[in-house]
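Counting from 1, the numbers follow the sequence of the chain as shown.
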Amino acid sequence: MADGNRFFPALRLILAALVAGVLAGAVAVYVRESSSGNKAPVQVAAGGKDDVACAAKTDRAKKIAAAATGQVAALLPADPPQSLKSLAFNGPDGKPTTIADHAGKTVLLNLWATWCAPCRAEMPALDALQKEMGSDAFQVVAVNVDAGDDAKPKKFLEDTGVKSLGYYRDATMAVFNDVKTRGLALGLPVTMLIDGQGCLIAHMNGPAEWSGPDAKRLVEAALQPG
């Protein structure tokens, strides 16, 4: 994944993802040929006090997103930043958790599925990022959204050599549908950078090289005091 000569999503991954999505009868997989394809409009009206507080971070969101270059250049600033505290899924212990439970920690939230070929290419990189940069201040939270039981997702993680990521899960697809309703998701994978107050700072549709130096510089920028 860290080899600079490997470009993704390759054509074979795009075709595989499309076939897999059709066979699974699931949501369409969003893939792109370059880092310029992430242009979904985001239209969320700030309403509650949390959204209002997050919306005040527009300049910070733009500053952090400006640090997204090279292999993570498709990351877009939240416009406006909004509260994602209520996003819910199951934690590694199998119990319900939310983004609010990660208060004080910058989170890179990623939604993935076993039938998503770009996700298969991306997961080892997310795992490497968590292994190197995971701390009390930063965490990669990768949430599987497959229907059914845990057997297939867990085998997927084993087959792809993922060891550092916690096993987060939402078999109902509710978390994906939530971010889709917010205008943040076109398909899978989708990744969101969330600050310690639960505010969406930036987001990306499609895969990226999260184990590379560009991603690490982005995380470092996000961890700088506001």
Side-chain angles (χ1 to χ4, degrees), residues 38 42 44 46 49-92 97-112 122-144 162-168 170 175-176 178-179 182 184-185 189-226:
N38 185 21
V42 179
V44 177
K49 63 179 182 179
D50 288 334
D51 281 325
V52 172
C54 290
K57 300 182 179 184
T58 297
D59 289 343
R60 175 165 171 75
K62 290 179 179 178
K63 181 178 179 180
I64 292 174
T69 59
Q71 294 172 318
V72 294
L75 195 78
L76 296 176
D79 185 20
Q82 59 180 284
S83 177
L84 296 185
K85 285 183 178 180
S86 64
L87 290 185
F89 38 87
N90 289 339
T97 187
T98 66
I99 289 298
D101 294 325
H102 294 78
K105 182 179 291 189
T106 296
V107 169
L108 190 72
L109 178 67
N110 177 273
L111 306 185
W112 66 277
E122 183 179 52
M123 289 301 288
L126 289 165
D127 188 59
L129 181 63
Q130 172 62 24
K131 182 178 181 180
E132 181 169 345
M133 301 199 71
S135 66
D136 291 340
F138 173 75
Q139 183 178 0
V140 178
V141 176
V143 182
N144 173 263
V162 171
K163 299 182 183 300
S164 298
L165 294 175
Y167 182 62
Y168 293 89
D170 176 26
V175 67
F176 174 83
D178 191 336
V179 297
R182 295 169 182 264
L184 301 174
V190 58
T191 306
M192 290 152 280
L193 183 64
I194 304 168
D195 73 8
Q197 289 72 51
C199 298
L200 175 69
I201 296 300
H203 58 99
M204 176 191 296
N205 278 273
E209 173 50 272
W210 292 108
S211 63
D214 295 325
K216 294 169 189 174
R217 281 192 292 270
L218 171 65
V219 173
E220 289 169 356
L223 292 176
Q224 291 298 314

Participant: Please answer whether the main-chain N or O of Val107 pairs with a side-chain N or O of Gln139 as donor and acceptor at a distance below 3.5 Å.
Facilitator: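 Not at all, since once roles are kept as given, no pair shorter than 3.5 Å links the two residues.
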Participant: Are more than 12 heavy atoms from other residues, nucleotides or ligands located less than 6.0 Å from atom NZ of Lys105?
Facilitator: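 Count over threshold, so yes.
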Participant: Please round to the nearest 0.5 Å and tell me the distance separating atom CG of Asp127 and atom CH2 of Trp210.
Facilitator: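 It comes to 15.0 Å.
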Participant: Would you check, one step at a time, whether the test side chain to side chain contact (heavy atoms under 4.5 Å, CB included) holds for Leu165 with Met123?
Facilitator: CA-CA 9 Å; Leu165 294 175; Met123 289 301 288; 3.7 Å; yes
Participant: So, for Gly198 and Ile99, which heavy atoms are closest and what is the spacing to 0.1 Å?
Facilitator: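 Nearest heavy atoms, Gly198 then Ile99: CA-CG2, 4.2 Å.
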Participant: For the backbone of Ala222 and the side chain of Arg60, can you confirm whether one donor and one acceptor N or O come within less than 3.5 Å of each other?
Facilitator: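 Yes, the answer is positive, given that a donor and an acceptor are paired below the 3.5 Å cut-off.
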Participant: Parallel under 30°, tilted from 30 to 60°, perpendicular over 60°: which one fits the rings of Tyr168 and His102?
Facilitator: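 Tyr168 and His102: tilted rings.
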Participant: Once rounded to the nearest 0.5 Å, what's the spacing between atom CG of Asn110 and atom CG of Asn144?
Facilitator: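 One gets 10.5 Å once the value is rounded to the nearest 0.5 Å.
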Participant: If you take all heavy atoms of Met204 and Ala74, which pair is closest and at what distance?
Facilitator: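 Closest approach of Met204 to Ala74: CE-C, 4.0 Å.
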Participant: Nearest 0.5 angstrom please: Ile64 CD1 to Glu220 CD, how far?
Facilitator: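 Between Ile64 CD1 and Glu220 CD, I get 12.5 Å after rounding to 0.5 Å.
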Participant: Does a side-chain heavy-atom distance below 4.5 Å link Leu184 with Leu200?
Facilitator: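 The answer is yes, as the side chains (C-beta and beyond) meet within the 4.5 Å cut-off.
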Participant: So, are Asp59 and Lys63 salt-bridged, with charged N and O less than 4.0 Å apart?
Facilitator: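 Here Asp59 does not pair with Lys63 in a salt bridge, since their nearest N and O are not under 4.0 Å apart.
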Participant: If you compare all heavy atoms of Ile201 against all heavy atoms of Ala61, which two are closest, and at what distance to 0.1 Å?
Facilitator: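 Heavy-atom minimum between the residues: O-CB, 3.4 Å.
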Participant: Write down the atom of Ala208, the atom of Val72, and the distance for their closest heavy-atom approach.
Facilitator: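 Nearest heavy atoms, Ala208 then Val72: CB-CG1, 4.2 Å.
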Participant: Looking only at non-hydrogen atoms, find the nearest pair between Ala88 and Thr98 and report the distance.
Facilitator: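 Ala88 and Thr98 have their closest heavy atoms at CB-CG2, 4.0 Å.
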Participant: Picking from Asp178, Leu111, Asp170, what satisfies side chain to side chain contact (heavy atoms under 4.5 Å, CB included) with Phe89?
Facilitator: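 Filter result, single survivor: Asp170.
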Participant: Might you point out which heavy atoms bring Pro189 and Pro207 nearest each other, and give the distance in Å?
Facilitator: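 Heavy atoms only, the tightest pair is CG-N, 3.7 Å.
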Participant: Apply side chain to side chain contact (heavy atoms under 4.5 Å, CB included) to Leu84 and Arg182, showing your working.
Facilitator: CA-CA 10 Å; Leu84 296 185; Arg182 295 169 182 264; 3.5 Å; yes
Participant: Is Gln130 reaching over with its side chain to a backbone N or O of Val140, donor-acceptor style, under 3.5 angstrom?
Facilitator: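 Answer holds: yes.
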Participant: When you measure from the side chain of Asp214 to the backbone N and O of Ala68, does any donor-acceptor pair fall under 3.5 Å?
Facilitator: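 Checked: no pair found.
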Participant: Between atom NE2 of His203 and atom CG of Leu75, what is the distance when rounded to the nearest 0.5 Å?
Facilitator: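 Here the interatomic distance stands at 7.5 Å.
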Participant: Please determine, by modelled atom types, if Ser83 and Asp51 share a side-chain donor-acceptor pair under 3.5 angstrom.
Facilitator: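 Side chains of Ser83 and Asp51: no pair found under 3.5 Å.
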Participant: Between CG of Leu108 and CZ of Phe138, what distance do you get to the nearest 0.5 Å?
Facilitator: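 Going from CG on Leu108 over to CZ on Phe138, the span is 5.0 Å.
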Participant: Drop me the distance from Met192's CE to Cys199's SG, to the nearest 0.5 angstrom.
Facilitator: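 Taking CE in Met192 and SG in Cys199, the distance rounds to 14.5 Å.
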